[in-house]
Amino acid sequence: MRLSTSFNVRKETVHNWRDYLRLHCYPLEQFVPDWPPNPPPFRDIMSDYCKEVRDLGFRLYAAISESLGLEEDYIKKVLGEQEQHMAVNFYPKCPSPELTYGLPAHTDPNALTILLMDEQVAGLQVLKEGKWIAVNPRPNALVINLGDQLQALSNGRYKSVWHRAVVNSDRARMSIASFLCPCNSVTLGPAEKLIGEESPAVYRNYTYDEYYKKFWSRNLDQEHCLELFRTKL
Ligand SMILES: O=C(O)CCC(=O)C(=O)O
Ligand SMILES: [Fe+2]
């Protein structure tokens with residue numbers, strides 16, 4: 001468990017306008033004892049939420065696998081025993097929002113992110129055709145973000161989208177991001193079935209451990225980290 005503000009403390013020059021609680025969520029029995037004991041229902045409610053989110057993530061993997069013409073259990077199997085963690089983000093009101101971000105532009109390095117957003121206050125933006133578009137909150141909706149690993153696995157058919165969180169001077173905002181991450185030691189890269197003469201592998205194989213280290217060794221808003229794993233075609 002960690003209470004922090006920055007995304008990458010070693011690299012950032014402008015600090016983020018964010019406080020966040022980072023919780024490890026799998027296996028729950030191992031990590032829940034480290035979670036905050038207050039307010040008293042926190043651990044139970046968050047544990048239930050984590051289980052549901054994990055289950056939803058696995059259902060989405062099955063649908064995404066099928067959409068790519070792969071076996072239904074392909075993605076779940078290839079990612080191995082998945083880690084899961086959570087960022088409970090709090091973005092306070094900011095007197096000069098134009099000087100910083102809640103979170104600067106980034107792609108998520110993991111496989112799948114399930115985001116529960118503040119229903120009252122907007123702040124998430126995604127980059128589409130060179131323009132930042134607001135993802136406005138909708139009641140009872142989750143935002144699903146495909147991370148870098150699904151872009152690699154799909155050989156570039158699915159994109160891990162650039163996104164950022166902006167802050168404002170009127171209202172604080174919260175979001176809860178749940179991250180499903182491949183097991184550190186598994187080998188990742190384009191699914192073999194998606195590689196052929198017509199569609200050569202865009203990315204080489206690597207372990208998640210290698211990817212993760214590379215991701216955090218750069219500035220976040222540099223080029224897409226996957227570019228560093230491209231095959232030389
Ligand atoms: O606060 C948001 O809407 C975005 C959070 C996010 O992108 C992240 O935690 O990786
Ligand atoms: Fe993100």
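A quick note: this is a predicted structure, and the numbers were derived from the prediction, not measured.
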Partner set under ring pair (Phe, Tyr, Trp, His ring centres under 6.0 Å) for Tyr203, not counting sequence neighbours: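 Tyr203 satisfies ring pair (Phe, Tyr, Trp, His ring centres under 6.0 Å) with no residue once adjacent residues are dropped.
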Contacts of type ring pair (Phe, Tyr, Trp, His ring centres under 6.0 Å), residue Tyr91, not counting sequence neighbours: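 Scan of Tyr91 (ring pair (Phe, Tyr, Trp, His ring centres under 6.0 Å), adjacent residues dropped) gives none.
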Looking at every non-hydrogen atom in both residues, tell me the closest pair between [X] and [Y] and how far apart they are.
X      : Y      : answer
Tyr208 : Cys183 : CB-O, 3.6 Å
Leu194 : Leu68  : CD2-O, 3.4 Å
Gly57  : Leu180 : CA-CD1, 3.7 Å
Ala172 : Asp118 : O-OD2, 4.2 Å
Asp148 : Cys225 : OD2-CB, 4.3 Å
Ser65  : Glu71  : CB-O, 3.2 Å

Under a 4.5 Å side-chain heavy-atom rule over Ile, Leu, Val, Met, Phe, Trp and Tyr, are [X] and [Y] clustered together?
X      : Y      : result
Val126 : Tyr101 : no
Tyr158 : Val161 : no
Leu150 : Tyr211 : yes
Met174 : Val143 : no
Ile144 : Ile133 : no

Could you name each residue pair satisfying side-chain hydrogen bond (donor to acceptor under 3.5 Å, both in side chains) that touches [range], not counting sequence neighbours?
range            : value
residues 25-34   : Tyr26-Glu81
residues 44-64   : Arg54-Gln84, Asp55-Arg59, Tyr61-Gln82
residues 124-144 : Gln125-Arg164

Residues Glu210, Arg204; criterion salt bridge (charged side-chain N to carboxylate O under 4.0 Å, His left out); working and verdict: CA-CA 12 Å; Glu210 180 187 358; Arg204 68 167 171 87; 2.7 Å; yes
Residue of the set Leu116, Leu115, Leu103 for which side chain to side chain contact (heavy atoms under 4.5 Å, CB included) holds with Ser175: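 Looking at Leu116, Leu115, Leu103, the match for Ser175 under the side chain to side chain contact (heavy atoms under 4.5 Å, CB included) is Leu115.
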Of Ser96, Pro97, Pro95, the residue whose pairing with Trp17 passes side chain to side chain contact (heavy atoms under 4.5 Å, CB included):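 Answer after filtering Ser96, Pro97, Pro95: Pro95.
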Atom NZ of Lys159: over 12 foreign heavy atoms under 6.0 Å: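 Yes, the 6.0 Å shell around NZ holds more than 12 heavy atoms from other groups.
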Glu192 CD: over 12 foreign heavy atoms closer than 6.0 Å: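 No, because the 6.0 Å sphere around CD of Glu192 holds 12 heavy atoms or fewer from other groups.
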Find the distance between [atom1] ([X]) and [atom2] ([Y]) and round it off to the nearest 0.5 Å.
X      : Y      : atom1 : atom2 : answer
Leu79  : Tyr74  : CG    : OH    : 9.0 Å
Phe58  : Leu112 : CZ    : CG    : 10.0 Å
Leu226 : Thr107 : CG    : OG1   : 7.0 Å
Leu60  : Leu142 : CG    : CG    : 9.5 Å

Would you call [X] and [Y] a side-chain contact if the rule is heavy atoms closer than 4.5 Å?
X      : Y      : result
Leu153 : Val78  : yes
Leu56  : Ile114 : yes
Met46  : Val88  : yes
Leu28  : Cys50  : yes

Any donor-acceptor pair under 3.5 Å linking the side chain of [X] with the backbone of [Y]?
X      : Y      : result
Gln151 : Gly156 : no
Asn155 : Pro200 : yes
Arg43  : Trp35  : yes
Lys193 : Gly69  : yes
His224 : Ser160 : yes
Asp108 : Asn110 : no

Between Tyr20 and Phe90, ring centroids under 6.0 Å: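 Ring-ring flag for Tyr20/Phe90: false, centres at least 6.0 Å apart.
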Inter- and intrachain pairs under ring pair (Phe, Tyr, Trp, His ring centres under 6.0 Å), touching residues 163-198, at least two apart: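 Only His85-Phe179, His106-His163 qualify under ring pair (Phe, Tyr, Trp, His ring centres under 6.0 Å).
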Plane angle bin for Trp216 and Tyr212 - parallel if under 30°, tilted between 30 and 60°, otherwise perpendicular: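 The rings of Tyr212 and Trp216 stand perpendicular, inter-plane angle above 60°.
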Worked check of side chain to side chain contact (heavy atoms under 4.5 Å, CB included) between Lys213 and Thr207: CA-CA 10 Å; Lys213 285 192 181 124; Thr207 62; over 6 Å; no
Distance-only donor-acceptor check, side chains Asn205 and Thr187, under 3.5 Å: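 Note: Asn205 and Thr187 side chains miss the donor-acceptor criterion.
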